[in-house]
Peer 1: 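Sharing a structure, written as C-alpha cells. Questions coming.
FYI, side chains are in, hydrogens and waters are out, and symmetry mates aren't considered; it's all heavy atoms of this structure. In what follows, chains carry the letters A, B, and so on, assigned in the order in which the sequence lines appear, proteins first and then strands, with residues in each chain numbered from 1.
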Amino acid sequence: MTTYLKNIWEASATVFEGMAITFSYLLQRPITVQYPDRLKEPVPKTLPKNYRGRLMVDTELCTACALCQKACPIDVIEMKGARTERKKGLTLIYFNIYHGKCMYCNLCVEACPAEEGDEEAHHTAIYFKKDFEGSGYELKDLVEQFIPREEAIQRLKEAEETAAKRAAKAAAESAPAEPKKEGNA
Amino acid sequence: MTSATREKELKPRVEITQISGTEIEVNMGPHHPSTHGVIRFILFIDGEIVVRAVPDVGYLHRSIEKIAESMPYSFFMPYTDRVDYVAAINCNLGYALAIEAMGGLEVPERATWLRMIGVELNRIMSHLVGVGALPLDLGAFTPFVHALREREHMMDLLEILTGTRMNNNYIRFGGVCQDVDDEFLKKLEKYLDHFVLFLEEYDRLIGTNKIFIERLKNVGIVSGEKALSYSFSGPNLRASGIGLDLRKVDPYCFYNDMKFDVPVGKGIKGTVGDSFDRYIVRIEEMAECEKILRQILSKIKEGPIQSKVPKKLVLPAGEAYHHTESARGELGYHIISDGKSASPYRIKIRTGSFASMTSLAEIFKGMMVADVIAYFASLDIVAPEVDR
Amino acid sequence: MKDGIFLCIAAVTVFGALVTAFSRSIINAALGLLLALVAIAGLYIFLSADFVAVSQILIYVGGVMVLLLFGIMLTSGGDNIFSNNPIMGAVPATLITTIFGLLGIYVVNTSGLTFYQGAYRATTRDIGHFLLREYILPFELVSVLIVVLIVGAGVMLRKELVIVRQAPQKKEGKK
Amino acid sequence: MTQFIYMFIFAVIYLLSIAVAAGFLTVVERRIAGRMQSRIGPNRVGPQGIVQWIADAVKALQKEDIIPTDAHSFLFKIAPYLVFMGVFLTLVPIPFGAYTLMENLDTGIFYVLAMASFVVIGVMMGGWASNNKWSLLGGMRSAAQMISYEVPAALAVFVVVVMAGTLNFQKIVFSQGASPVDWYVFRNPFAFIAFNIFFIAALAEGNRVPFDIPEAESELVSGYNTEYSGMRFLFFFLAEWGNLVVIGALVSTLFFGGWNFWFEYTLEFSVPGRYPIRFEVLGFLWFLFKVSIFVFIIIWIRWTLPRLRIDQLMDICWKYMVPIGLFASIGILLWMYFVPEKSLADTIMRYSMTSFGGLTILYFFYRVFQNLRVTKAKIYANPFV
Amino acid sequence: MSLYHEMPENIFVTSVDQLLGWSRKHSLWWLLFGLACCSIELMHTGGPRADIERFGSAPRGTPRQADLIIIAGTLTYKMASRLKLLYEQMAEPKYVISMGSCSNCGGLFDKAYSVVKGVDQIMPVDVYLPGCPPRPEALLEALVILQKKIQKEKYLRK
C-alpha cells in the first residue's frame, strides 16, 4: 500500500517538476537565429576568424605552384599554371574548385606557401571564406571557376604562344650547340 | 528495497510461448525513426514480445580502412573524423597518438593541452547526443532539443578551436592545426559555469521523471561479467559496474595529472547494468569531463603547437596498437607499416559501438518492442562506428 | 420525410444483415454486421428509445464489434478466410426467415404493442427509475451473473495460458 | 423539412469550425512546442505563422493519394472518415453556451462515451487495412488502450453523474455555479480524484503523450497512419486535434462549470428572447477560454513527458485508475449521503478544496520562477555574450 | 491530373498555381532520415538554433506523409536500394535535397568500393548542397532555394 501511494506521489511530483521546467522555457527568449532574412547581423559575421566556409582562391596572390592540388586527398582542386608574359613566375591558367566534393579539411590551406596580410587580415592564397552559401540546382553549379572560362581560354592561348616562343628561343639558343650535343651522345 | 520485491522486479515480463505460436517478422530499419543512422534488425515478434532478433549491419560500410591503404598517413586524418562523427576529435587523437608512438614524434605541451580540450568537449557533445536521443526514443522530444541547444553552444566553442562545427580534422601529427587565444579559454570557462546548471536542470527535467525511470530500470540488464564477455567498453561497460577507464588505466596525454572519478553504474533505480545505469553514467561522466576541462584551463601554458614532422612520413616497419578512451568506449588503431611506402600496409580500427552491437541479438530475446528501443538507445550506438 | 428516413435506415439494416449473411469474405461480413448494428441504433432512435440506441452503440459497436474485429484481424490472413457453411444455403435461410417473420408479425399483432406515436420524450430518467426502484432485483441478479462471468473467464484463461517465468540469471547460465 | 435543413446547415457550420479549430491548434501546438524547446516554430506563413495550417491543408490536397497494392482498399479508404466521424459526433451534445449547441441530448455524456467507439473501429480498420505490420501493431495497441481506458473514464463520469443526478450536459452545467467554489472539481475530494482520472483517461483515449503508444514515432514509425498520405492522413490529423477540443470541452463542462459566467442562469432566462445575447457571447468566450487552457495543458504534457510502455499503460489503467475510480465512485455515494448540500461540512470542504487548488497553482508558479532565476544565472540566450 | 493536361494558360490557372505553389513551399514536411555525418547537422537544423520548422517544415517518420527527403550522408550500395524504395514510397509531389559532399558525388569516399558516387545516380535531385557536413544555415539556404523552385513550378500544367 505504501509503495502504491508512493508511486502515485512520485509520478505526480516528477511530472509536476518537469512541467515547471518546460513552462519556464515559455517565458524565455528562443535562441533561434532567424536565418536567412530576419537577422541582426549576417551569419558569416558571427563566425570565428578561422571558420572553414567555402574554399576560395585569391587569383592575384596565387603563384600556381600546385601544392594545394597535391595536398588534397580527394582531388577537389583542378588547376594549371604555365608561363606567360603577364608576370614573372607561373600564371594561373585555370583554377576550379569542386565545392560539392570538398571535405573542408584544411590540408590545402596548410600547404599553401603564398601568404598575405597582417595578423588580422592574414590569409593564404587558397583560403576558407567565412561563407557557406552555395547550393545549386545542378551539380555543375557547385564547381567554381575562379578564372572565367573565356579568360582561361585566352590565357591558355597566351601560354601556348609563350611556350612556343620559349621553345623557339630555346631552339635558337641551342641550335648552334646541337651538333655538339649529338657528338657527345 | 527488500530482497523479495527486488526478486519480483527482476523477473522479466511474462513470456507467453503457447498463446499464438505465430511469429510476425518485422523489419526495423535501415530507415526507422529509432535506429539512429542506418542499422537494421529483423525482429521476430509474438504480440509485443520479441522472440528473436537478427541485427544486420553494413548499411554504412564506407571502407574507411581500405581507403587508408591507398593514401599517405597524413591524408587519412580527415577520414578518422568520419569513423565516429559524433566524437570526431577523439578519433583524430587515437590515430595521431598511434602514428606518433610508432614514428617517435614529439608533441609540444600546449598542443597536448589543446588536444585534451578538444577531446573532452567532444566527449561531452557525444554524450549529449546519447542522453538526448534516449528520451527522444522514449517519446519525449523536448529534452533532446535541450541537449541539442547545449551542443550548439559547444559547437560554437569547437568552431573557434578548430574552425568547423563537426568533422574537425583538428589534430595533426606532432601537434594541432591551429592555436587559440586566451579569449577562447575565458569563454570556455564561462560556458562550463553554464553547463553545470544545465546538467542539473536536465536531470530534473527527464532524469528524475517517473515514467522515464520506469521505462529504463531493469531493462536490458547486462551484468559486469556479461559485459566483459561481449567486450563492451567505455560508458556501457562502466554502467555494468566495472570501472575500466583507459584514461586511468593506461593514461595518455596528461590524463595522469588529472583528478577525476570514474563513474560506475550502481543500480540506483534497479539492477546494476540496466538501461538507466547507462543513462546516469553518461550524465555523471559529463560532469567529470567538466572537472577535467577546468583543470586543463588552470594548467594550460603558452608555447608552440606543432613540432617538426617530416613531410613525407614513412614509419618503420612493424605494427602497433594504440588505444584511447573515446566517447563510445575503447578506440584502438592497429597500424601495420611495411617500412618502405608512405602509406600504411593495413589499418584496423577497433570501435566501441561494434562491440555493443554484438549484445543485441541475445539481449533482445524476450523483450517487448518498446524495450528494444530503450535498450538500443541506451547503448548510444553510432552507425559508422559499427560499419566503418 | 420521417418515413423516408425510416425506410432508408431500415434498408441499410437489411443490407447490412444481408452482407453479413452472404458475404464470402469474413471481414466484409463483420463490416456488414457493424453497419446493421449502427442502423439498428438508428431504428431505436425512431422508437424514441434514445438511451437504448446509445447503449446499442456503446456495447455492440464499442465492445462486441471491436472484439470481433480483434479476432478476425489477428488471425492470419483474415481476408482470406472464406466461409463455407451449408446452413447458408438459400432454402434453409428462406425457411428460417419466413418462420421468424411470421412469428414476429404474430407477436406484434396479438400482444397489443403499438409504436409510440407522441412527441419525443427523454427516457433516461424513466429507465433509471425502473432499474433502481421497481426492477432492482433482476438488475442486481444480472450484475451478479456478470461478476460470475468475469471471474469464470479469468479462471478459464488462467488454465489455458502457460506462463513461463524465468529469472534473468537462469537465462544467463543457459548461454 | 425546414428543421432538417437547419440541422444540416448547423452541422456544416460545426464541421467547418471544428476543422478550422483543429487546423489552428496544429499551429498553436507547434508554436508552443517550439517555445518550450527554445525554438520559434512556424512563423513564416502569415503574421506569426497563423495560416500555416492552410498551407498544410492545401498541400495535403495536392498530394498523391497512395493506396498500397496489398491493402484492403475499401477499409483503407473508409477508416479516416470513420475516425473523424467519431470525433465529430462526440461534439454534438456538448454545450458551448446556453443555446450554442447542436442538440441537448438527454443521454449526454453516455452518448459521448458511446461515440468514441467509432474512433476505435476506425483506428483498427486503418491499421489492419494498411497491410503493414507496424500499422497493425499500432491499430491493435490503440484499440486495446482505448477500450481499457473507457472503464476509468466511465467511472469518473459516474461520479459527476451521481452529483448532478443527470446525464444531460446542460443540466450538469446548470447544477454547477459560476465561481470556482461551485465547480464540481472543488466540491469534494472524490470529485477531484474523478477529475484527475477522467483527464488522464481522456488523454489515453485521445492517444496523446504519455499514452501515444499507438502512433509511437520511435517504435512503430507512425502507428496506424503509417501508410496514409495526403487527404486521408489529413483526416486522421484533424481527428487528433479535434479530439483535443473535445477533451477540453468535456473536462471543462463536467468539472469546471462549463459556460457558466459570473451571472446565474435563472429560470426567467429560459423563456426564449429573455436571455440577453451578450450573456450568451460572454459565456461562450469564457467556455472557450477554459477549453483552451485544457488544450494547452494537454499540449504541454505532450512536450514534457516520455511515453509509457504498453504493459505499464495497462498497469496504470487496471491497477491504479480503475481501483481509484471505484474508490471515488463509492466515496461519492457516501459523501452525498452523509454530507447534504449547503451544509457546513460541504461549505468548508468546497472552500478548502478551492484554496488547495489555488495553492497548487501558486506553488507551481513559484517553481517556475525559481527555474527562471537559475536559467537567468546561466545566461540563457547565448552563453558567450 | 490528366484533366488539366490540356488546360490553357490563363489568369485563373496561374493564380491557382500560385496558391498551390505557395502551400507546397510552405509545408515541406521532411522525412526523418539520416545516413551518416550530415544527419547530425540535420538534427541540428531541426534544433533550436536553426529551427527548420520556422518554414513550416515538420519532421515525419513515415515516407508517405513526407514531401522532402534530405539525403544526409554517405550512400552505400547496400543502402541504395532501400533509399530508392523510400523515395518511391513518398507521395507526389516530392522533393530531394542532396546534402553534403558524399551524397553529391561520393565526396571523400569516392575511392571506396562500397559507396554510391552521387545520389543523383539513383534518383532525381532538386537541390545540391555543398559542405561536409554543411552548417544548419546552409541547409536552410538550400530549403529557401528549393522553395523558390517550387514557387515557379506549374502544378496544374505539368
Peer 1: Of the backbone (N, CA, C, O) and the side chain (C-beta and beyond), which part of Leu108(E) lies under 4.5 Å from a heavy atom of chain B, both, or neither?
Peer 2: both
Peer 1: Under 3.5 Å, is there a donor-acceptor pair linking the side chains of Tyr113(E) and His61(B)?
Peer 2: yes
Peer 1: Can you measure from CE (Met79(E)) to OH (Tyr59(B)) and round to the nearest 0.5 angstrom?
Peer 2: 7.5 Å
Peer 1: Out of curiosity, Thr45(E) OG1 to Leu148(B) CG, how far, rounded to the nearest 0.5 Å?
Peer 2: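 Reported value, rounded in 0.5 Å steps: 10.0 Å.
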Peer 1: Report the option among Val115(E), Thr74(E), Leu83(E) that has the most heavy-atom pairs separated by less than 4.5 Å from atoms of chain B.
Peer 2: Thr74(E)
Peer 1: Go through the atoms of Asn27(B) and report whether side chain, backbone, both or neither lie under 4.5 Å from a heavy atom of chain E.
Peer 2: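 Interface part for Asn27(B): side chain.
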Peer 1: Tell me the closest heavy-atom pair linking Ser39(E) and Tyr85(B), and the distance in Å.
Peer 2: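 Smallest heavy-atom distance, with atoms named: OG-OH, 3.9 Å.
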Peer 1: Could you check whether any side-chain N or O of Lys78(E) sits under 3.5 Å from a backbone N or O of Val57(B), counting only pairs where one atom can act as donor and the other as acceptor?
Peer 2: yes
Peer 1: At their closest point, which heavy atom of Leu60(B) faces which heavy atom of Leu35(E), and how far apart are they?
Peer 2: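 Answer, listing the atom of Leu60(B) first, then Leu35(E): CD2-O, 3.3 Å.
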Peer 1: Please check if the number of heavy atoms outside Tyr87(E) that lie under 6.0 Å from its OH is greater than 12.
Peer 2: yes
Peer 1: Less than 4.5 Å to any heavy atom of chain E: does that hold for the side chain of Thr164(B), its backbone, both, or neither?
Peer 2: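 When you check distances to chain E, no heavy atom of Thr164(B) falls under 4.5 Å.
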Peer 1: Can you find a heavy atom in the side chain of Met155(B) that is under 4.5 Å from one in the side chain of Arg49(E)?
Peer 2: no
Peer 1: Just verifying a value: how many Å separate Arg165(B) CZ and Glu137(E) CD, rounded to the nearest 0.5 Å?
Peer 2: 6.5 Å
Peer 1: Check whether Glu385(B) gets within reach of chain E through its side chain, its backbone, both or neither, counting any heavy atom under 4.5 Å.
Peer 2: neither
Peer 1: If you count heavy-atom pairs under 4.5 Å with chain B, which of Pro48(E), Gly46(E), Cys102(E), Gly47(E) comes out on top?
Peer 2: Pro48(E)
Peer 1: Atom OG in Ser114(E), atom CZ in Arg62(B): separation rounded to 0.5 Å?
Peer 2: 9.5 Å
Peer 1: Count the heavy atoms of every other residue, nucleotide or ligand shown that sit under 6.0 Å from OH of Tyr77(E), and state whether that count exceeds 12.
Peer 2: yes
Peer 1: Output the option from Arg82(E), Glu41(E), Arg135(E), His44(E) having the highest count of non-hydrogen pairs under 4.5 Å with chain B.
Peer 2: His44(E)
Peer 1: Name the member of Pro136(E), Cys37(E), Ala80(E) that forms the most heavy-atom pairs with chain B at distances under 4.5 Å.
Peer 2: Cys37(E)
Peer 1: Keeping the roles fixed (side chain from Ser63(B), backbone from Ala112(E)), state whether a donor-acceptor pair exists under 3.5 Å.
Peer 2: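 No, the answer is negative, given that no donor and acceptor are paired below the 3.5 Å cut-off.
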Peer 1: Nearest 0.5 Å, please: how far is OH in Tyr79(B) from NZ in Lys111(E)?
Peer 2: 4.5 Å
Peer 1: So which part of Leu31(E) gets closer than 4.5 Å to some heavy atom of chain B, the side chain, the backbone, both or neither?
Peer 2: side chain
Peer 1: What's the spacing between Ser101(E) OG and Asn167(B) CG if we round to 0.5 Å?
Peer 2: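 Nearest 0.5 Å value for the OG-CG distance: 10.0 Å.
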